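In what follows, a structure is listed as structure tokens, so that the remarks can point back to it.
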Amino acid sequence: MRSESSSLRKRRYGALLARALSSPVALLGAVSAACGSPSPAASEGGGSGAPVEVETAESQPSDERAPDVVAEQELVGLRRAARAAGKLIGAAVEAPALRDDATYGEVLAREFDYVTPEDAAKWGALSPAAGAYAWDDLDSIVDFAERQSQKIKGHTLIWHQQLPAWVNEAMTAEQLRAALESHIELTLTRYRGRVRAWDVVNEAVDVSTESGYTDSIFWRKLGPSYIEDAFRRARAVDPDVLLFYNEVGIERMGPKSDFTYTLMRELLERGVPIDGIGLQSHVSTHRYPAESDLRANIRRFAELGLRVNISEADVRTLLMPGDQASRWQAQRVAFQQIVGACVVEPGCEGVTLWGFSDAYTWINDDGSADDPLIFDRTYAPKPAYDGVLVGLSGVLPELGENLVANGDFALDEESWSAPGAVLAVADAIDRNGRAACVSERTGGEGDALAQTGLVDRLSMGGPFSFSAWVRLRGAPSDTVNATLLLQEAAPQPRALSLATVGATDAGWVQLAGYFGLGFEGAVTAITLELHGPAAGVELCVADVRVQALTAP
Ligand code: G3I
């Protein structure tokens, strides 16, 4: 790994210092982060007490374009709780709803202090015809926010979706570059001094491609340098506005967040002006990032000197069966988890929900109706509203007792099996306690380390936290999965993926995820399986936990 550049180091401590002064909670967290001591949630041991070298920050872009002119005592609900926490609480806003639905505007003004145009600021919406711009919808949102003393985040200057039809493959690279630069210049100039931050580039990473970049018109015609060029052009147009990169699916640790982290680090080391990153957080109650994953990601991006936003949070509930009351309670826990993680991490400056009433969610537009937000279709607050409110107080969901039998293998193989391989329990290498190792694996069905008989322990449905620590022997790296098999009326059990991680033979890594269970009729058996590595690779497992998540 290349040595850290001085500009990156200055950004890191400058950003930590700026955030440390933002609130007492942040001050404690920032000092610990600056000392390199990770919080207990993300590691097994304490951090090293590295000396804190707090340097004066380079001039940072202006952070408070619209200072909080509304006194805290005049605030209510989420907006008051966020101010007390020193965090931003935002919502994506649809211009037609703001125009046609008076209640929409009332709730938006009452509950949120940070506004993101959901679609109005996208290139296709602003410039449907070449050379012509239609600013009305975006102006209506910016004007509304300014009247309500709300801050504004523009979304998004460059995205391969919702492009104007005239931006197409017939363009030469030079024509596309010129069009991009003009779009950035026109848009940022119009709102200079009124918009606090802009998503400059959205969703440029796709680790399913060979390059790791999204196969978009921008990547095809301009190469990955379009990302750097866009940020430099934006900074040249507006020296003060905060410039963000925004990405989907990087809340949990894994290949996509790793690639994005490396990309951000390399761009920052080259002095590319990026001030923040958005972790979109479109999740579902049936499976979402564990607290340890989300906080570890917030922390590592913050340690690059980036401001972290949870930028598009919504929580689907209909991807798992279950009655509305249980689904909405699980949703409440998920929102509390996501918001709480942002509040307790000094590197996270706020949470934006991707809408706030189920009457206006993008998810219904793409054909798979759901109820992912915190108000129902009549603007009645759902349990999820309380989840956000409690999360803003910094209170995270609590973990119950371990529902897995002999999860620490203190009773050797009791309650565990690996029918198609050889199972042995011994003192764990390089960690306290015992570990179960599965060897002579053939890569077939029976290879998993399994525990059956969980139906009585998990029949309440969740939400649950899953965690285990895994290590390999006989291969430098391979994927390890945790899966629940639910035996219901259907002949074949239903497989629910709980978590996936890249494991190595160099040390223990955590396999973690939160999940909810819905049952399609009577469930007669539930089995937990840890599996994945190729045949011949030995899989060692320690400290397996499944714990109920409760919202205090
Ligand atoms: O503006 C047209 C309107 O004229 C037409 O009558 C109507 C019916 O076809 O369509 C309208 O355009 C729709 C647009 O939203 C504005 O409402 C598009 O069809 C629709 O596809 C588009 O969906 C947006 C989606 O991005 C596009 O991929 C969603 O509202 C928006 O919430 C969603 O947001 C994205 C973020 O920007 C980036 N992260 C992922 C997130 C979810 O996809």
Side-chain angles (χ1 to χ4, degrees), residues 90-101 104 108 112 114-129 132-141 152-167 183 187 195 197-208 213-218 227 230 244-252 256-257 260 276-284 288-289 308-316 318-319 338 351-375:
V93 175
E94 294 188 13
L98 192 59
R99 184 178 58 238
D100 305 333
D101 179 345
Y104 184 91
L108 175 65
F112 301 97
Y114 201 22
V115 159
T116 299
E118 186 166 344
D119 294 295
K122 292 169 180 173
W123 199 352
L126 287 176
S127 179
Y133 272 77
W135 302 107
D136 293 356
D137 275 358
L138 184 50
D139 282 348
S140 70
I141 293 172
I152 303 153
K153 184 181 197 182
H155 170 82
T156 173
L157 293 170
I158 299 180
W159 188 29
H160 55 281
Q161 293 193 33
Q162 292 178 276
L163 285 173
W166 59 270
V167 175
H183 175 58
T187 309
V195 170
W198 272 96
D199 284 337
V200 177
V201 176
N202 181 56
E203 300 175 22
V205 171
D206 176 356
V207 290
S208 71
Y213 291 99
T214 301
D215 181 6
S216 71
I217 185 171
F218 306 112
I227 300 169
F244 273 71
Y245 177 75
N246 194 49
E247 190 56 78
V248 61
I250 59 170
E251 302 80 26
R252 64 177 73 235
K256 185 165 190 179
S257 57
T260 305
I277 186 163
L279 282 57
Q280 290 184 9
S281 305
H282 293 290
V283 300
S284 164
Y288 57 101
V308 180
N309 281 193
I310 302 293
S311 55
E312 303 186 12
D314 48 28
V315 179
R316 295 174 187 238
L318 287 172
L319 293 183
I338 292 165
V351 175
T352 289
L353 311 182
W354 210 242
F356 51 94
S357 163
D358 288 339
Y360 299 100
T361 168
W362 68 280
I363 290 172
N364 291 338
D365 298 345
D366 79 355
S368 58
D370 209 308
D371 47 16
L373 297 168
I374 65 173
F375 291 94

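As the structure is a prediction and not an experimental result, all values here were calculated from the model. Whatever order the structure lists ligands and atoms in, that order sets their numbers, starting from 1.
- Although no hydrogens or angles enter the test, the distance criterion places no donor-acceptor pair under 3.5 Å between the side chain of Thr361 and the main chain of Asp358.
- Under the 4.5 Å side-chain criterion, counting only non-hydrogen atoms from C-beta, Tyr104 is in contact with Leu98.
- Atom 41 (C) of ligand 1 has as its closest protein heavy atom Glu312 OE1, 3.4 Å.
- Only one option out of Thr116, Thr352, Asn309 pairs with Lys153 in a side-chain hydrogen bond (donor to acceptor under 3.5 Å, both in side chains); it is Asn309.
- In terms of protein heavy-atom proximity, atom 24 (C) of ligand 1 is nearest to Asp119 OD1, 3.3 Å.
- Here is the list of ligand 1 atoms found below 4.0 Å of a heavy atom in Gln161: 28 (O).
- Among protein heavy atoms, the minimum distance from atom 33 (C) of ligand 1 is reached at Lys122 NZ, 3.7 Å.
- Counting only heavy atoms of the protein, atom 34 (O) of ligand 1 lies nearest to Trp354 NE1, 3.2 Å.
- Using the six-membered ring where Trp is involved, His282 and Trp362 have ring planes that are perpendicular, over 60° apart on the 30 and 60° scheme.
- Contacts between Asn202 and ligand 1 below 4.0 angstrom, taking non-hydrogen atoms only, involve the side chain exclusively.
- Contact record, Ile374 with Leu353: CD1-CD1, 3.6 Å, taken as the closest heavy-atom pair.
- Not a single protein heavy atom sits closer than 4.0 Å to atom 7 (C) of ligand 1.
- Taking atom 27 (C) of ligand 1 as the reference point, the nearest protein heavy-atom neighbour is Gln162 OE1, 3.1 Å.
- A donor-acceptor pair shorter than 3.5 Å can be found between the side chains of Asn202 and Gln280.
- Residue Glu118 approaches ligand 1 through these ligand atoms, each under 4.0 Å from one of its heavy atoms: 30 (O), 31 (C), 32 (O).
- Remark: distances from the non-hydrogen atoms of Glu94 to ligand 1 are all 4.0 Å or more.
- Trp159 CH2, 3.8 Å is the protein heavy atom nearest to atom 35 (C) of ligand 1.
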